[in-house]
Amino acid sequence: GAFRAHGDALQRVDRGDRPAAGADLGPVCYGRGGEAPTVTDSDVALGLIDPKKFAEGRVSLDKKAAVAAVDAQIGDRLGVGTATAAYGISQMVDENMANAARVHAVEHAKELTTRSLIAFGGNGPLHASRVADKIGVSQIIIPRDPGVGSAVGFLSAPISFEVIRSLYMTIQTFNASAVARLFAAMENKATGVVRAGAPKGALQKNRVAFMRYEGQGHEIEVPVPNGRISAKTGDVLLETYTALYLKLFGRTVPNVDIEILNWAVTVSTEETAVAKLRKSGKTTQPAANGSASVYLGGAKRASKVPSFDRDNLKVGDRIEGPALIVEPQTTTLVGPRFDAVIDRGGNIVMNRQAQAGGYR
């Protein structure tokens, strides 16, 4: 979609006369035919992404094209300059993420200001400090290799396999022998798959029953105790289901039987224990690798901020914001209200400064 002026606001609309900015065409700065400015285009226009270092230089970014698209489709229509228009795109994206966090916190009765924000992905670290400002979070953690976090997680996660089978019954008609035979078959199948990748070592098993009050349209997952399945297992499922339902919905449904539609078992290798990191000792001030002209809002012009290569940073290095930390898959913006320290795990840990200033 494109952006157009609507009163004093920017409103995203779908345009039938031009292709949307999707995965194939991508941002205008990619030079693949995209015409609608995206958040990547806005970040490039604001100076937050260095075209020379983007994707290790394997993807060429056209900053002039990004600026032209932001101007033509937003700036000129609103009568504002490139920086203001691009900053507007970024602010809308940041506010959408912040609002999603607020909604999630309200729905789960959680207090955001006491939490830490973990940012990953290709663009998360670039927007994390501004989102944190909006929701009042004081600490941000950028793990190692944030742009390929899913791949790292896949390679380090336990080998596991889940089997789900249907076997309808109610709690009143609970058939222990049938459930036992079903679980035995499922566990045998799942174990065979896991053993193909992990011939040795202990395995963990997790059983689940998908249960609901009779006639309902959705089930909730109820843990099934490991060990021998007996008539007593049905009593345990009834008790556990009732407690979970009460916790989720604040009430139970009396005089209605409970259905069990599906059963699942997951077999996995054991998880590797996560070592607790000691706090970094003395902090040091690293030398910047360069600088960048970045527009951070709240000023009439861009500010010159130091730029650091993440690969060159060591444990204990401390960087005061505003600054950019660049790596092959992403860039981290250390906002003006934050400083960043490299901890013993190689993570970038940003903390709100005690005397936090505004954007400059």
Side-chain angles (χ1 to χ4, degrees), residues 104-111 114-116 118 149-150 152-277:
H104 181 80
V106 170
E107 288 178 342
H108 293 81
K110 302 296 183 181
E111 174 57 54
T114 61
R115 308 276 167 166
S116 295
I118 301 176
S150 296
V152 172
F154 176 79
L155 293 173
S156 60
I159 298 175
S160 66
F161 192 79
E162 180 184 45
V163 180
I164 301 178
R165 294 287 185 268
S166 295
L167 178 63
Y168 178 84
M169 65 183 66
T170 67
I171 285 294
Q172 290 185 356
T173 61
F174 183 77
N175 188 330
S177 59
V179 174
R181 289 193 298 271
L182 180 67
F183 270 129
M186 292 195 297
E187 290 175 7
N188 183 62
K189 178 178 178 62
T191 299
V193 174
V194 174
R195 281 303 184 204
K200 298 180 180 180
L203 298 179
Q204 295 178 334
K205 298 179 181 179
N206 182 51
R207 298 167 168 175
V208 171
F210 294 83
M211 304 171 63
R212 69 184 185 186
Y213 282 112
E214 194 170 24
Q216 287 185 329
H218 300 279
E219 305 86 44
I220 60 176
E221 297 183 22
V222 179
V224 180
N226 286 320
R228 179 174 172 271
I229 300 294
S230 66
K232 190 175 181 179
T233 305
D235 298 331
V236 174
L237 289 177
L238 172 61
E239 181 180 348
T240 306
Y241 174 84
T242 303
L244 284 174
Y245 197 93
L246 181 63
K247 182 178 179 180
L248 287 171
F249 303 107
R251 56 160 295 177
T252 58
V253 182
N255 303 319
V256 177
D257 201 2
I258 298 171
E259 300 175 314
I260 310 174
L261 281 73
N262 301 303
W263 308 80
V265 63
T266 301
V267 176
S268 65
T269 56
E270 292 185 317
E271 294 185 15
T272 304
V274 178
K276 187 174 182 179
L277 298 177

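Throughout, numbering of the chain's residues begins at 1 and tracks the sequence.
By the 4.5 Å heavy-atom criterion applied to side chains, T191 and F161 are not counted as neighbours. Taking the side chain as every heavy atom from C-beta outward, W263 and F210 never approach each other to under 4.5 Å. Using a 4.5 Å heavy-atom cutoff, the side chains of L237 and I171 are in contact. Here the side chains of P223 and L244 are in contact, with some heavy-atom distance below 4.5 Å. Looking at M169 and V179, their side chains come closer than 4.5 Å, going by heavy atoms from C-beta outward. A heavy-atom distance below 4.5 Å is not found between the side chains of R207 and T233. Inter-residue side-chain proximity for T269 and Q204 is flagged as unmet; no heavy-atom pair is nearer than 4.5 Å. The shortest side-chain heavy-atom distance between R181 and M186 does not fall under the 4.5 Å cut-off.
Atom NZ of K200 is separated from atom CZ of R195 by 10.5 Å, given to the nearest 0.5 angstrom. Atom CD1 of I159 is separated from atom OG of S268 by 10.0 Å, given to the nearest 0.5 angstrom. The CG atom of L246 sits 10.5 Å away from atom CZ of R251, with the distance rounded to the nearest 0.5 Å. Rounding to the nearest 0.5 angstrom, the gap separating the CD1 atom in I260 from the CG atom in L167 is 8.5 Å. We find the CD-CG distance between Q216 and L261 to be 11.0 Å, quoted to the nearest 0.5 Å. Separating the CE atom in M211 from the CD1 atom in I258 is a distance of 5.0 Å, to the nearest 0.5 Å.
Taking each heavy atom of L238 and T242 in turn, the nearest pair found is O-OG1, 2.8 Å. The minimum heavy-atom distance between I229 and A176, with the atom names listed, is CG2-O, 3.5 Å. Closest of all the heavy-atom pairs between V224 and A209 is CG2-N, 3.6 Å. Shortest non-hydrogen contact noted between Y245 and I220 is N-CD1, 4.1 Å.
Annotation: side-chain hydrogen bond (donor to acceptor under 3.5 Å, both in side chains) contacts of N175 (sequence neighbours excluded): S177. R228 meets the side-chain contact (heavy atoms from CB on, under 4.5 Å) test with S230; sequence neighbours excluded. Applying the salt bridge (Lys or Arg N to Asp or Glu O under 4.0 Å) criterion to E219, with sequence neighbours excluded, gives R212. Scanning for salt bridge (Lys or Arg N to Asp or Glu O under 4.0 Å) contacts around K232 gives an empty result, with sequence neighbours left out. In terms of the side-chain hydrogen bond (donor to acceptor under 3.5 Å, both in side chains) criterion, residue partners of S116 (sequence neighbours excluded) are, by chain and number, Q139. Residues passing the side-chain hydrogen bond (donor to acceptor under 3.5 Å, both in side chains) test with N262, sequence neighbours excluded: S166.
When only modelled atom types and interatomic distance are considered, Y213 and E259 share no side-chain donor-acceptor pair under 3.5 Å. Between the side chains of N206 and T266, no donor-acceptor pair of N or O atoms lies under 3.5 Å.
Looking only at distances, a side-chain donor or acceptor of N226 sits under 3.5 Å from a matching main-chain atom of K205.
For E162, the CD atom is densely surrounded, since the number of other residues' heavy atoms within 6.0 Å is greater than 12. Around atom OH of Y168, more than 12 heavy atoms belonging to other residues, nucleotides or ligands sit under 6.0 Å away. Within a 6.0 Å radius of CD in E111, other residues, nucleotides and ligands contribute more than 12 heavy atoms. Summarising the local packing, CD of E271 is surrounded by 12 or fewer heavy atoms from other residues, nucleotides or ligands at distances under 6.0 Å.
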